[in-house]
Amino acid sequence: MTVRTRFAPSPTGYLHIGGVRTALFNWLYSRKHGGQFILRIDDTDQQRNVQEALQPILDGFRWLGIDWDEGPEVGGPCGPYFQSQRGDRYRDAVRQLLQAGLAYRDYARPEEIQAERQAAEREKRPFRYSRRWMAQDDRQAAEWESAGRSAVIRLKMPTEGQCRFTDLIRGDVAFQWADEQDHVIQRADGTCLYHLASVVDDHDFGITHVIRAVEHLSNTPRQWFIAHALGWQPPQFAHLPYVAEPGSTQKLSKRKLAQYLKNADFRKLFEHGQRIADRIGLTVAADTFNPVIVDFYREVGYLPDALVNYLLLLGWSLDDRTEDFTRDQMIRDFSLERVNRAPASFDPQKLVAFEDRHMRSVPPNDKAAMVMPFLQQANLVGDSLTDAIRQRVVQILEAASDRIKVAGDILDYDDFFVADDQLAYDSQAWQKRLVKPTEAPERLARFRQRLATGEEFTAEAVEHLMQQFVLDESIGLGQIIHAVRVAVTGKAVGFGMFETLAILGREASIRRIDIALQRLASAST
RNA sequence: GGCCCCGUCGUCUAGCGGUCUAGGACACCGGCCUUUCACGCCGGCAACACGGGUUCGAGUCCCGUCGGGGUCACCA
């Protein structure tokens, strides 16, 4: 039998990182076994604009390189893949359940159920609905209806024995039927609920393995019951541990951003992203610009492969040392047996380490392509890219090497793209390197004269020049280099000084030093 | 509270009865390198929740305790 797995997001407008991991494991499992991965949209309870709320999710998966064989935008033989369009199918199933006597029409009012529940609580016994308003036949139903009542359909769950099944991750599990409820599967208005819909879809789509978060483990008995009641063999189940908060064992939530920001590592991750977002004028939407949501990583220029690689290792491992996986390797090596049972907490530092490592292996031209949109959005380069700009970007990338961890980090080197007289100076660096050392301006002026001489203006040539200058002045390299750096980049830190000057070129370097000297002169008068 | 799940360094994990004085990675702390920031290299700190069993032998099996978490909808 062909392996068929699925991921069933509800259209909420954002892709949660825990959801991505679940989807990834499903995708990997299907790819590993030469099967299919299906995307189904759980919009049974959605009144909002589904398409609009779905787009970010589909975009997220595409960006991550998690493709689906059937589902929205690609179709497939089992469609429609939107639950909102499958109501008739669900109602057929409910009818079948009713006929088989495994579901019933319940005419209880919500407050009546509530009263029973409270009574049970008061008496400290587990609640289970009495079936007081279960219609025995059509006559009784008609009677209650004429009394102004309406019916929901409930499952007629077993009251004794247990539900047993083998979970591919957790092993044998058992639940007492007596602890289960007669869950509602269809509302009075005829719409059906998640559990029913999910079981019907899994069957209709030929899903063989349901790989989902452990939150669903306790839902499994009722779904198991529905499947059997409909005469179907339930799929295999595999319940993944949830992804926990940084530094905690609680489930990661997209609603607790403010709380997570108290965690230093999480905050650093967020603020780094936020700086980039500010620079490109990204209107930061509070509910999606959040490291718990995938959009965050795409917007600031993370590598999808790094995110995926990190997520892969959150709850799964191959052995005691392998950490870096290409897509092919992860497909080859993935297995449910090696999924962990304990929750794994989201560690921003480790994610960044993966990003860093993956970024190192990106060829310069690819990196340039990644970085270009950020320069454009920050208005540092125009929409049409000239060869000169491309060349400069590649030079910067080479000089910066692994200092650029995410594509948006290119903005740390904005000084290479602004006009010489528009350069912004870090005031602390300015003070420390140009104002406080009283001899700095004059020395800088002398160095500027040297820069104007010589033939070539390569990094090597500039280095030579500076070494000679230091000898002649009988000073250490540090006594000139910092002043030059602040003068030409405005910043206290950067990559190699000689590369910096070479990329800037002789003309701009000299002009920037002149501008800095003028500023110094006018400030001291 | 009922039911269920989980419990190895700060974090992700390896470990499927002896080779574990518990291995790797990230982080952290030193040192080296160095024009800054990084990188790199070298070194270091750091864990089997606890208590009983079983066994010649337990991180590994069993029971209990404690701790953490999930879930208990006419949400998905």
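Letters A, B, ... are given to chains in the order of the sequence lines, protein chains preceding strands, and every chain is numbered from 1.
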Notebook entry, point to check: Which part of the nucleic acid does A:R360 contact within heavy-atom distance under 4.0 Å: base, sugar-phosphate only, or nothing?
Noted result: sugar-phosphate
Checklist line | Out of B:rA76, B:rC6, B:rC12, whichever nucleotide has its closest atom nearest the side chain of A:A344 | finding: B:rC12
Next item on the list: Please determine, for B:rC45, whether a Watson-Crick or G-U wobble partner exists with both distances under 3.5 Å, and give it or none.
Entry: none
Check: Between B:rA76 atom P and A:Y90 atom OH, what is the distance in whole Å?
Finding: 11 Å
Notebook entry, point to check: Would you call A:D106 and A:R131 a salt bridge, using N to O less than 4.0 angstrom?
Noted result: no
Notebook entry, point to check: Can you find a donor-acceptor N/O pair under 3.5 angstrom joining the side chain of A:K350 to the base of B:rA25?
Noted result: yes
Margin query: Would A:R222 and A:F225 count as a cation-pi pair here, with the cationic atom under 6.0 angstrom from the ring centre and within 45° of the axis?
Written below: no
Check: So, is A:R117 near the phosphate of B:rA73, with a side-chain N or O under 4.0 Å from OP1 or OP2?
Finding: yes
Next item on the list: Measure from the side chain of A:K405, starting at C-beta and using heavy atoms only, and say which of B:rA38, B:rC26, B:rA76 lies closest.
Entry: B:rA38
Note to self: What is the distance, to the nearest angstrom, from the CD atom on A:E355 to the P atom on B:rC12?
What the structure shows: 21 Å
Next item on the list: Check every strand shown and say whether A:R128 touches a base, only sugar-phosphate, or nothing at a heavy-atom separation below 4.0 Å.
Entry: nothing
Note to self: Heavy atoms only, 4.0 Å cut-off, all strands: where does A:R403 land among base, sugar-phosphate and nothing?
What the structure shows: base
Notebook entry, point to check: RNA chain B: A:S218 or A:V184, which has the more 5' nearest nucleotide?
Noted result: A:S218
Next item on the list: Could you check whether A:H195 gets within reach of a base, just the sugar-phosphate, or nothing at all, counting any heavy atom under 4.0 Å?
Entry: base
Check: Which nucleotide, B:rU35, B:rG70, B:rA38, lies nearest any side-chain atom of A:Y242?
Finding: B:rG70
Check: Touch check for A:P246, heavy atoms < 4.0 angstrom, all strands: base, sugar-phosphate only, or nothing?
Finding: nothing
Margin query: For a quick check of understanding: with a heavy-atom distance under 4.0 Å over all strands, which category does A:R341 fall into, base, sugar-phosphate or nothing?
Written below: sugar-phosphate
Notebook entry, point to check: With both distances kept under 3.5 Å, what pairs with B:rG40, Watson-Crick or G-U wobble?
Noted result: B:rC32
Notebook entry, point to check: For A:G315, which contact category applies under a 4.0 Å heavy-atom criterion: base, sugar-phosphate, or nothing?
Noted result: sugar-phosphate
Next item on the list: Report the nucleotide, chosen from B:rC75, B:rA25, B:rU35, that has the shortest atom-to-atom distance to any side-chain atom of A:F498.
Entry: B:rU35
Notebook entry, point to check: What about the rings of A:F7 and A:F205, do their centers lie closer together than 6.0 Å?
Noted result: no
Margin query: From C-beta outward on A:Q83, which listed nucleotide comes closest to its side chain: B:rU71, B:rU36, B:rA76?
Written below: B:rA76
Item checked: side-chain N/O A:N340 vs B:rA14 OP1/OP2, d < 4.0 Å -> yes
Notebook entry, point to check: Using purine N1 to pyrimidine N3 plus N6-O4 or O6-N4 for Watson-Crick, or N1-O2 and O6-N3 for G-U wobble, each under 3.5 Å, what pairs with B:rG67?
Noted result: B:rC6
Check: Counting any heavy atom closer than 4.0 Å, what does A:R125 reach on the DNA or RNA strands: base, sugar-phosphate only, or nothing?
Finding: nothing
Checklist line | B:rC26 phosphate, OP1 or OP2, under 4.0 Å from A:Q349 side-chain N/O | finding: no
Item checked: Closest to side chain of A:T249, choosing from B:rA38, B:rG68, B:rU11 -> B:rG68
Note to self: Check this one for me: any side-chain N or O of A:S248 less than 4.0 Å away from OP1 or OP2 of B:rG68?
What the structure shows: no
Next item on the list: Could you please name the option among B:rG24, B:rC37, B:rC6 that lies closest to any side-chain atom of A:R321?
Entry: B:rG24
Next item on the list: Identify whether any heavy atom of A:F495 sits under 4.0 Å from a base atom; if not, whether one sits that close to sugar-phosphate; answer base, sugar-phosphate or nothing.
Entry: base
Next item on the list: Can you tell me, in whole Å, how much space there is between the P of B:rC16 and that of B:rA27?
Entry: 28 Å
Margin query: The side chain of A:A342 is closest to which nucleotide in this list: B:rG69, B:rU36, B:rC6?
Written below: B:rC6
Next item on the list: Establish, from distance only, whether the side-chain atoms of A:R170 and A:H239 form a donor-acceptor pair under 3.5 Å.
Entry: no
Note to self: By the 4.0 Å heavy-atom rule, please label A:R40 as base, sugar-phosphate, or nothing.
What the structure shows: nothing
Check: If you measure from the C1' atom in B:rC48 to the same atom in B:rC61, how many Å do you get, rounded?
Finding: 15 Å
Check: Nearest nucleotide by nearest heavy atom, which residue falls closer to the 5' end of RNA chain B, A:D172 or A:T322?
Finding: A:D172
Note to self: Please give the distance between the C1' atoms of B:rC20 and B:rU34 as a whole number of Å.
What the structure shows: 41 Å
Margin query: Taking B:rC75 as the reference, what is the distance to B:rG23 when you measure between their C1' atoms (whole Å, please)?
Written below: 45 Å
Note to self: Taking the minimum atom-to-atom distance to the side chain of A:F175, which one of B:rU13, B:rC39, B:rC3 wins?
What the structure shows: B:rC3
Check: Rounded to whole angstroms, how far apart are CG on A:L269 and C1' on B:rA27?
Finding: 14 Å
Checklist line | Integer angstrom distance from the C1' of B:rC42 to that of B:rA47 | finding: 25 Å
Margin query: Between A:R357 and B:rC39, is there a contact of a side-chain N or O with OP1 or OP2 at under 4.0 Å?
Written below: no
Margin query: Does A:R128, at its CZ atom, have more than 12 non-hydrogen atoms belonging to other residues, nucleotides or ligands within less than 6.0 Å?
Written below: yes
Next item on the list: Classify the side-chain pair A:D472/A:Q468 by whether it contains a donor and acceptor separated by less than 3.5 Å.
Entry: yes
Margin query: Can you confirm if the aromatic rings of A:F334 and A:W316 lie within a centre distance of less than 6.0 Å?
Written below: yes
Check: After noting the C-alpha distance and the side-chain angles of A:W133 and A:Y107, does the key distance pass the ring-ring contact (aromatic ring centres under 6.0 Å, His included) rule?
Finding: CA-CA 5 Å; A:W133 298 93; A:Y107 284 89; 8.4 Å; no
Margin query: Mind checking if A:K491 touches a base, just sugar-phosphate, or nothing, with heavy atoms under 4.0 Å?
Written below: nothing
Margin query: Mind checking if A:N219 touches a base, just sugar-phosphate, or nothing, with heavy atoms under 4.0 Å?
Written below: base
Note to self: Could you check whether A:F270 and A:Y260 have their ring centres less than 6.0 Å apart?
What the structure shows: no
Notebook entry, point to check: Hey, does A:H216 reach any base, or is it just sugar-phosphate, or nothing, if we go heavy atoms under 4.0 Å?
Noted result: base
Next item on the list: Could you check which of B:rA38, B:rG10, B:rC75 has an atom nearest any side-chain atom of A:R187?
Entry: B:rC75
Next item on the list: Could you tell me which nucleotide pairs with B:rG18 by Watson-Crick or G-U wobble geometry, both distances under 3.5 Å, or answer none if nothing does?
Entry: B:rC56
Next item on the list: Just call it for A:F354: base, sugar-phosphate, or nothing, with non-hydrogen atoms closer than 4.0 Å on any strand.
Entry: nothing
